[in-house]
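What follows is a single structure, written as structure tokens, with notes after it.
Given the structure is predicted, the values throughout are model-derived calculations rather than measurements. Lettering of chains follows the sequences in order, A, B, ..., and the numbering in each one begins at 1.
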There are 2 protein chains.
Amino acid sequence: MRLTTKGRFAVTAMLDVALYAADAPVTLAAIAERQRISLSYLEQLFGKLRRNGLVDSVRGPGGGYQLARAPQDMTVADIIRAVDEPIDATQCGGRENCHDDRRCMTHELWAGLNAHIFVFLRGVTLADLVRQQRPKDHEVVVMQDHRTLPSAVAADVL
Amino acid sequence: MRLTTKGRFAVTAMLDVALYAADAPVTLAAIAERQRISLSYLEQLFGKLRRNGLVDSVRGPGGGYQLARAPQDMTVADIIRAVDEPIDATQCGGRENCHDDRRCMTHELWAGLNAHIFVFLRGVTLADLVRQQRPKDHEVVVMQDHRTLPSAVAADVL
DNA sequence: CGATTAGTTGACTAATTTATTCGGGAATTA
DNA sequence: TAATTCCCGAATAAATTAGTCAACTAATCG
């Protein structure tokens, strides 16, 4: 699980679709305008999102993109994984230069850490983000274990 | 909280220090050899780790690096934050082009998500990783809430 | 049908980040 | 003094991210 701005763009764009594609599909041009993301970059991202079955596309006038599944069945992990194709992270591809007996210390390490981060991000659905977006009060994302956290912490996190 | 290979390298290197600098400091050359990371890259990373007070350096023969604090007082979040300096992630720097009334949707979104990921990574200490490293059985990182997870999940996570 | 709207694709470029290489320092130990 | 090791900066290569462009296909509307 990698976490870069690319994945963030994708989640932001998907949230835009979730918010605005209720009746009619939304065009990439509209997303680009609202979220200030370059149209061509969105084209690349939505190409992947479509091929991964997260959105459906409608061509022609009045066309655009819609969610392929209900927002509560779509997680942040799904989105990030769709656009941010993974790296090996264990730098031994599972086999090669695992050397000096205690081979590939990092393998187990990152496999475990990856799994945890993945489980965490899989616990946040697009519906959660939509819910957070609607009300004006400063509520915060709900995690899979239903604990919350004051968004004030965010300041010194970045 | 960004999550890239750079941060992984840093965590791996710090884990190496935690494992091998029990009595004497470890040299970057030794880490480079064991973990297959370029020496000069390690120098850059450890420059940041040192300036952020995570390691102490000892010059001259027999010198090297040691942990500045006990492993149980050093978290993965500390390490990643030290080397992976943050980006704005809200693409409005907190002020500027937040436009069209519902300004900067992404701000709240990523602030919240960031906070959660940060809290999670702050819950994993270097001591946890060391503990995981020692035994031969396939145990897994312990999270801050002390739940565990089979590392089998890691496969379809990447 | 013809025009327009939008998705689809691929190639290409620029900017940024990641990783490495090199060359010299300065501190410490023996 | 000589060897070791951290320290620093510049230069470079490789990879990723972000954006641009152009040609094309499909669908709709008049």
Hydrophobic cluster identity match, Leu39(B) and Leu15(B), side-chain contacts under 4.5 Å: yes

Rounded distance (nearest 0.5 Å) linking atom OG1 of Thr4(A) with atom CZ of Phe9(A): 9.5 Å

Length of the line joining Glu33(B):CD and dT5(D):P, which is rounded to integer Å: 14 Å

Between P of dT17(C) and CG of Leu3(A), the distance in whole Å: 16 Å

Length of the line joining Leu39(B):CG and dA19(C):C1', which is rounded to integer Å: 13 Å

Distance in Å, Ile79(B) CD1 paired with Leu126(B) CG, rounded so as to fall on 0.5 Å steps: 5.0 Å

Residue pair Arg131(B), Asp128(B): steps toward the side-chain contact (heavy atoms from CB on, under 4.5 Å) verdict: CA-CA 5 Å; Arg131(B) 198 175 311 124; Asp128(B) 291 330; 3.0 Å; yes

Inter-residue atom distance Glu43(A).CD - Ile37(A).CD1, 0.5 Å rounding: 13.0 Å

Short side-chain N/O contact from Tyr65(B) to OP1 or OP2 of dC7(D), under 4.0 Å: yes

d(CZ, Arg36(A); P, dA18(D)) in whole Å: 17 Å

Near-strand residues of residues 45-59 of chain A, defined as heavy-atom separation under 4.0 angstrom from DNA chain C: Arg50(A), Arg51(A), Ser57(A), Val58(A), Arg59(A)

Side chain of Thr27(A) - closest among dA6(C), dT28(C), dT18(C): dA6(C)

dC8(D) base / Glu43(B) side chain donor-acceptor hit below 3.5 Å: yes

Candidate nucleotides dT17(D), dT4(C), dA3(D), ranked by approach to the side chain of Asp84(A) - the nearest: dT17(D)

Nearest listed nucleotide, side chain of Thr5(A), among dT18(C), dG19(D), dT17(D): dT17(D)

Side-chain touch Leu19(B)/Val130(B), heavy atoms, less than 4.5 angstrom: yes

Sugar-phosphate only, base, or nothing, as touched by Leu28(A) at under 4.0 Å among non-hydrogen atoms: sugar-phosphate

Length of the OH-P vector between Tyr41(A) and dT16(D), whole Å: 12 Å

Phosphate OP1/OP2 of dT17(C) contacted by Thr4(B) side-chain N/O (<4.0 Å): no

Euclidean distance, atom NZ of residue Lys6(A) to atom C1' of dT17(C) [Å, nearest integer]: 14 Å

Separation of dC8(D) C1' from Leu42(B) CG (nearest whole Å): 16 Å

Proximal nucleotide (of dT17(D), dA3(D), dT18(C)) relative to the Arg2(A) side chain: dT17(D)

N-O pairing of Arg81(B) and Asp78(B) below 4.0 Å: yes

Pairs flagged by ring pair (Phe, Tyr, Trp, His ring centres under 6.0 Å) wherever residues 44-73 of chain B is involved - sequence neighbours left out: Phe46(B)-Tyr65(B)

Euclidean distance, atom CD of residue Gln35(B) to atom C1' of dA19(C) [Å, nearest integer]: 17 Å

Toward the 5' end of DNA chain C, by each residue's nearest nucleotide, Gln44(A) or Gly60(A): Gly60(A)

Residue Ser40(B), side-chain atoms from C-beta onward, closest of dT21(C), dT4(D), dT4(C): dT21(C)

